[in-house]
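This report concerns only the one structure given below.
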Amino acid sequence: MSFTTHILRRGLSTGVLRMAAVNHVTVIGGGSMGNGIAQVTAQAGCQVTMVDQTDEILQKSVNTISKSLQRVVKKKFADDPSKGEEFIKGIMGNISTSTDAPGAVANTDLVIEAIIENMDIKKKLFTELDKVAKESTIFASNTSSLSITEMASVTQRQDRFGGLHFFNPVPMMKLVEVVRIPQTSDATYDTLVEYCKKIGKTTVSCKDTPGFIVNRLLVPYMMEAVRLVERGDASPKDTDIAMKLGAGYPMGPIELADYVGVDVCKFILDGWHEKYPDNPLFNPSPLINKLVSEGKLGRKTGEGFYKY
């Protein structure tokens, strides 16, 4: 191949990527984040394939999406139930499921990973998918705290790799953090932003820094509140009331830790501390560690800092 031909082909490929629309999305992971991403994508008219390890998990995910849409219908089509049924049927028709991840990404435009927050597992997944996805397919991770750069390093498409950090519950939360690594091409970034606009989200751009924007500010805030309680300076209840009534926050930091999951807070903090041991904001919390060891993980287990 001549140098000129190579440049022309490369330019053509980049142009195609820039012009390509996201019409099919494969979401890896059918948990609360994954099924939420699948729902909003299907509502925007895209075809979605949701992937998880078993058909049982996927059926639960589909049921969750159906119930979520029924709540939308009650508000949107209160006077016309038949239109509501058509609305749900149309959206659910855009969603398919699969336990075969390699097969599900073979002809997709965008892969969004929303599995467990474990770097080794994510890297193994992306290594496998990179071998079978078409060249133009963009890869993205929904991670809230792990390095996008490290994930992308195991693939041959670092220019087509980025972060799409959605917030829970996905159908209600309007924000998506679009994360660029140094290798992310402008075409890839523009495509990710356009996809987010298509599904009705507002985007903010961020480099691949720990926690991106929201969690980089939010997690240290929650941990400072926990340390305040650890020192005996204030009770969890008074800390939450102070921030709700004094700072106008809708939820106090201790309540928020229980909502997010005490184990999730510990996981993020431990990961950041390991990578940045000299940053005091990321120091481990004895109280968080104690609650996790006792299985008191917050709302999801019925007890964390508070009982539910």
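Hydrogens, waters and symmetry mates are skipped; everything else that's a heavy atom, side chains included, is used.
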Does a side chain donor of either [X] or [Y] reach within less than 3.5 Å of an acceptor in the other side chain?
X: S153; Y: Q158; result: no
X: D130; Y: Q156; result: no
X: T49; Y: H24; result: yes
X: Y259; Y: N168; result: no
X: D109; Y: Y195; result: no
X: D208; Y: S147; result: yes
X: S61; Y: T64; result: no
X: S285; Y: E230; result: yes
X: Q59; Y: N63; result: yes
X: N289; Y: K266; result: yes

Quick test of your reading of the model: are [X] and [Y] salt-bridged, counting only N-O distances below 4.0 Å?
X: D186; Y: R180; value: yes
X: D233; Y: R227; value: no
X: K89; Y: E85; value: no

Against V176, only a single residue in L164, V40, V170 fulfils side-chain contact (heavy atoms from CB on, under 4.5 Å); can you say which?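 The single option meeting the side-chain contact (heavy atoms from CB on, under 4.5 Å) with V176 is L164.
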
For the residue pair R157 and F139, would you count it as a cation-pi contact if the rule is NZ or CZ under 6.0 angstrom from the ring centre and within 45 degrees of the ring axis? yes

Indicate yes or no: at least one non-hydrogen side-chain atom of [X] is less than 4.5 angstrom from one of [Y].
X: W272; Y: P220; value: yes
X: Y306; Y: I254; value: yes
X: S141; Y: K122; value: yes
X: V72; Y: F87; value: yes

With distance as the sole test, does D52 use its side chain to make a donor-acceptor pair with the main-chain N or O of T54 at under 3.5 Å?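 Side chain of D52 to backbone of T54, a donor-acceptor pair under 3.5 Å: no, none is there.
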
In terms of ring plane angle, is the pair H165 and F167 parallel, tilted or perpendicular, where the classes change at 30° and 60°?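 It falls in the tilted class, 30° to 60°.
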
